[in-house]
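Count residues from 1 along the sequence. Values below: every heavy atom of this structure, side chains too, minus hydrogens, waters and symmetry copies.
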Amino acid sequence: MGDSNIGTAVNGQVVKPKRQVAMVFDLNKCLGCQTCTIACKTLWTRREGQEHMWWATVNTQPGRGTPRDWEQMGGGFRNGDAQPGVLPGLNDFGAAWDFNYDEVFSGGKGDNAYLKPVGARPNWGPNWDEDQGGGEYPNSFYFYLPRICNHCTHPACLEACPRRAIGKREQDGIVLIDQTRCKGYRFCTEACPYKKIYFNEIQKMSQKCIFCFPRIEKGVANACSRQCPGRLRFVGYLDDEKGPIYKLVKQWKVAIPLHPEHGTGPNIYYVPPLSPARILPNGDPDPEHDRIPIEYLRSLFGPDVDAALATLKAEMAKRKKGEKSELIDTLIVYKWPNDIFPDFTRDPATLKWS
């Protein structure tokens, strides 16, 4: 999508926006229902060449994710220096395959026909390893990880683009690709350590999540956030001290970025998942160790995950004793939509869209 009102880089430095809009995912609420992915798909990626694109994804962790093995594809920065990255192919994202709908619904074969892909047999898709997880019985575990473009403070994609087609908007820090300038070189995808930039083979240009900026401009929350039945996607500005984003990220520090070691300064944050205690060989619970290994969570969210989980558990303990906890009240979201995206509560059905 072209947009003339986006920032750029001056002498290799990213222009700092006046404000930064951000999102927090509470992983303790995610159901893996994919309502967010369908809301995004329906709104933004229905055009030719976008069949394989899922700007919003929800994958099972541990898992290989989408694109396949994206966590091992490099990119980002180390000590301020750009790191080499791998360019994922269409099969890594999972090509959109066709199904035998006519045979099943119109072929007259009754119970003898079932839905199956036609043509080449697929070997990967956006949720190929859904609900598999990790660990061994009785300590098997998994959780869901929603992802969109991180709209980073220091975007690797922006610095990698030789066409200066990528920029951060001055008013809210949203990272956009100017489709009138993009020539599809895909250096941006190589540079992005999160691999959330897709390539449109028909239009020969890169495309990605735009943080629903046409909605944001009108005071309407992102489609993925507004449609989420779990009320887990908080949206707001990082500098709004009264808003949930500031409180979760800055005040209580229970919302932390994914793979902060890449040095891009993501503006998408996660409340890490809690889990029950491990089960000992004799069948008793081990209260000293969670089912989800802390080492695995550290590999995703860095060392700050320990303090975040400790704060969550301490506040939950307070509530169990009948004491008040503003943090727990914030995460519960009693009043929708005011408690989850207070700056973007307008109903899109009441607006006229051009």
Could you go through the side chain to side chain contact (heavy atoms under 4.5 Å, CB included) check for Met316 and Ile328 one step at a time?
-> CA-CA 7 Å; Met316 291 172 65; Ile328 300 302; 3.8 Å; yes
For Asp347 and Arg226, run salt bridge (Lys or Arg N to Asp or Glu O under 4.0 Å): C-alpha distance rounded to whole Å, both residues' side-chain angles, the deciding distance at 0.1 Å, then the answer.
-> CA-CA 9 Å; Asp347 184 346; Arg226 189 174 177 89; 3.8 Å; yes
Could you check Leu176 against Phe213 for side chain to side chain contact (heavy atoms under 4.5 Å, CB included), going step by step and ending with a plain yes or no?
-> CA-CA 9 Å; Leu176 297 178; Phe213 77 84; 3.7 Å; yes
Take Phe234 and Phe341 through the side chain to side chain contact (heavy atoms under 4.5 Å, CB included) test and state the conclusion after the steps.
-> CA-CA 6 Å; Phe234 297 82; Phe341 31 77; over 6 Å; no
Steps toward side chain to side chain contact (heavy atoms under 4.5 Å, CB included) verdict (Ile197, Ile177) = CA-CA 10 Å; Ile197 301 179; Ile177 301 174; 4.3 Å; yes
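Ring centroid separation for the pair Trp97 and His52 does not come in under the 6.0 Å cut-off. Checked against the 6.0 Å centroid threshold, Phe199 and Phe93 do not count as a close aromatic pair. Remark: aromatic rings of His262 and Phe77 are distant, center separation not under 6.0 Å.
We find that Asp240 and Lys250 are not joined by a salt bridge, their nearest charged nitrogen and carboxylate oxygen being 4.0 Å or further apart. Note on Asp172 versus Arg169: salt bridge recorded, some NZ/NE/NH1/NH2 to OD/OE distance being below 4.0 Å. Ionic pairing of Arg319 and Asp329 is present here: one or more N-O contacts between side-chain nitrogen and carboxylate oxygen are shorter than 4.0 angstrom. Salt bridge Asp69/Arg64: present, at least one basic N to carboxylate O contact under 4.0 Å. Of the charged side-chain nitrogens involved, at least one lies within less than 4.0 Å of a carboxylate oxygen, so that Lys313 and Asp290 count as a salt-bridged pair.
Under the 4.5 Å side-chain heavy-atom criterion for grouping Ile, Leu, Val, Met, Phe, Trp and Tyr, Trp55 is connected to Ile38 within one hydrophobic cluster. Taken together through direct or relayed side-chain contacts under 4.5 Å among Ile, Leu, Val, Met, Phe, Trp and Tyr, Ile268 and Phe143 form part of one hydrophobic cluster. Note on Tyr144 and Met23: separate hydrophobic clusters, where clusters join Ile, Leu, Val, Met, Phe, Trp and Tyr whose side-chain heavy atoms are under 4.5 Å apart, directly or indirectly.
Residues Tyr101 and Leu115 form a side-chain contact, since some pair of their non-hydrogen atoms from C-beta on lies under 4.5 Å apart. Between Met205 and Lys183 there is no side-chain heavy-atom pair separated by less than 4.5 Å. Here the side chains of Glu130 and Gln34 are in contact, with some heavy-atom distance below 4.5 Å. Side-chain contact between Leu300 and His259 is present, with heavy atoms from C-beta onward closer than 4.5 Å. Side-chain atoms of Glu217 and Ile174, non-hydrogen and from C-beta on, never get closer than 4.5 Å to each other. With a 4.5 Å cut-off on side-chain heavy atoms, Gln171 and Pro17 do not count as touching. Inter-residue side-chain proximity for Pro193 and Thr264 is flagged as met; some heavy-atom pair is nearer than 4.5 Å. Side-chain contact check for Leu331 versus Val333: every heavy-atom pair is 4.5 Å or farther apart.
Closest heavy-atom contact between Cys36 and Val58: SG-CG2, 3.5 Å. Taking every heavy atom of both residues into account, Leu238 and Ala22 meet most closely at CG-CB, 3.9 Å. A pairwise comparison of heavy atoms in Pro273 and Phe301 identifies CD-CE1, 4.4 Å as the closest pair. The nearest pair of heavy atoms linking Ile279 to Pro285 is CD1-CA, 4.3 Å. Minimum interatomic distance between Thr330 and Pro244 (heavy atoms only, all atoms of both residues): CG2-CB, 4.1 Å. Of all non-hydrogen atoms in Thr45 and Gln50, the two that sit nearest each other are CA-OE1, 3.1 Å.
Relative orientation of the His151 and Phe211 rings is perpendicular, given thresholds of 30° and 60° on the angle between their planes.
In this model, a donor atom of one side chain and an acceptor atom of the other lie less than 3.5 Å apart for Glu315 and Ser325. Between the side chains of Asp284 and Asn282, at least one donor N or O sits under 3.5 Å from an acceptor N or O. Side-chain contact annotation: Lys196 with Thr57, donor-acceptor N/O pair under 3.5 Å present. Side chains of Tyr296 and Gln61: a donor-acceptor N/O pair is present below 3.5 angstrom, by distance only. Defined by atom type and a distance below 3.5 Å, a donor-acceptor pair is present between the side-chain atoms of Gln207 and Gln179. A donor-acceptor pair shorter than 3.5 Å cannot be found between the side chains of Asn150 and Tyr269.
More than 12 heavy atoms of other shown residues, nucleotides or ligands fall within 6.0 angstrom of atom CD in Gln72. Within 6.0 Å of atom CD in Glu323, more than 12 heavy atoms from other residues, nucleotides or ligands are found, so the atom counts as buried in its surroundings.
Using modelled atom types, one side-chain atom of Lys168 and one backbone atom of Cys152 make a donor-acceptor pair closer than 3.5 Å. Proximity of a side-chain donor or acceptor of Arg291 to a complementary backbone N or O of Tyr142 within less than 3.5 Å is not detected. At distances below 3.5 Å, not a single donor-acceptor pair connects side-chain atoms of Gln203 with backbone N or O atoms of Asn200. Proximity of a side-chain donor or acceptor of Asn28 to a complementary backbone N or O of Pro272 within less than 3.5 Å is detected. In this structure, Arg346 contributes its side chain and Lys218 its backbone to a donor-acceptor pair below 3.5 Å. Put simply, the side chain of Tyr270 gets close to the backbone of Pro146: a donor and an acceptor are under 3.5 Å apart. Of the possible polar contacts, one joining the Thr60 side chain to the Asp131 backbone as a donor-acceptor pair under 3.5 Å is found. In this structure, the side chain of Arg181 engages the main chain of Arg163 through a donor-acceptor pair within 3.5 Å. Judged by distance alone, the side chain of Asp339 and the main-chain N or O of Trp336 form no donor-acceptor pair under 3.5 Å. Distance alone, capped at 3.5 Å, is enough to place a donor-acceptor pair between the Lys204 side chain and the Glu201 backbone.
Ala160 is linked by a side chain to side chain contact (heavy atoms under 4.5 Å, CB included) to Phe187, Ala191, counting only residues two or more places apart in sequence or in another chain. Residues that satisfy the side chain to side chain donor-acceptor pair (under 3.5 Å) test with Glu326, not counting sequence neighbours, are Lys247.
Within the cation-pi definition used here (under 6.0 Å to the ring centroid, within 45° of the axis), Lys116 qualifies as a partner of Tyr114. A cation-pi arrangement is present between Lys41 and Trp54 under the rule of less than 6.0 angstrom and at most 45 degrees off the ring axis. With a 6.0 Å cutoff to the six-membered ring centre and a 45° limit on the axis angle, Arg19 counts as a cation-pi contact of Tyr237.
For the side chain to side chain contact (heavy atoms under 4.5 Å, CB included) test with Leu309, the passing option among Ile294, Val254, Val271 is Ile294; the others fail.
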